[in-house]
Amino acid sequence: TMLETIKIVLQLIPTILSIIDAVEKQIPEGGKGKEKLEFVKNALTAAYPQITEMWGMVEKIIGAAVTLYNATGKFKK
């Protein structure tokens, strides 16, 4: 159900943020967002194949996190 999907995605947020942080530490230069996003997707899919069914939600969370990190200076441009 949709409620179960939302619960799963919310539970994954700490993991998603950890992966984003790890990727950014390894590849800090800008202009590589597409490649970084693809890595995050591949890593999450390898660990949890069902995530492909909820990728739209996950991608929005990743976008919101990256926007926040850029706006607050966590990620240096």
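As the structure is a computational prediction, the values presented were derived from the model and not from experiment.
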Gap between atom CG of L17 and atom CG of D21 - 0.5 Å precision: 6.5 Å
d(T5 OG1, M2 CE) to nearest 0.5 Å is 6.5 Å
Residue of the set N70, T67, L68 for which side-chain contact (heavy atoms from CB on, under 4.5 Å) holds with F75: N70
Donor-acceptor pairs under 3.5 angstrom involving side-chain atoms of residues 35-61: please list them, not counting sequence neighbours.
from, atom 1, to, atom 2, distance (Å)
K36, NZ, E24, OE1, 2.8
K36, NZ, I27, O, 2.8
K36, NZ, E29, O, 3.2
N42, ND2, E38, O, 3.3
T45, OG1, K41, O, 2.7
T52, OG1, P49, O, 3.2
W55, NE1, E59, OE1, 3.4

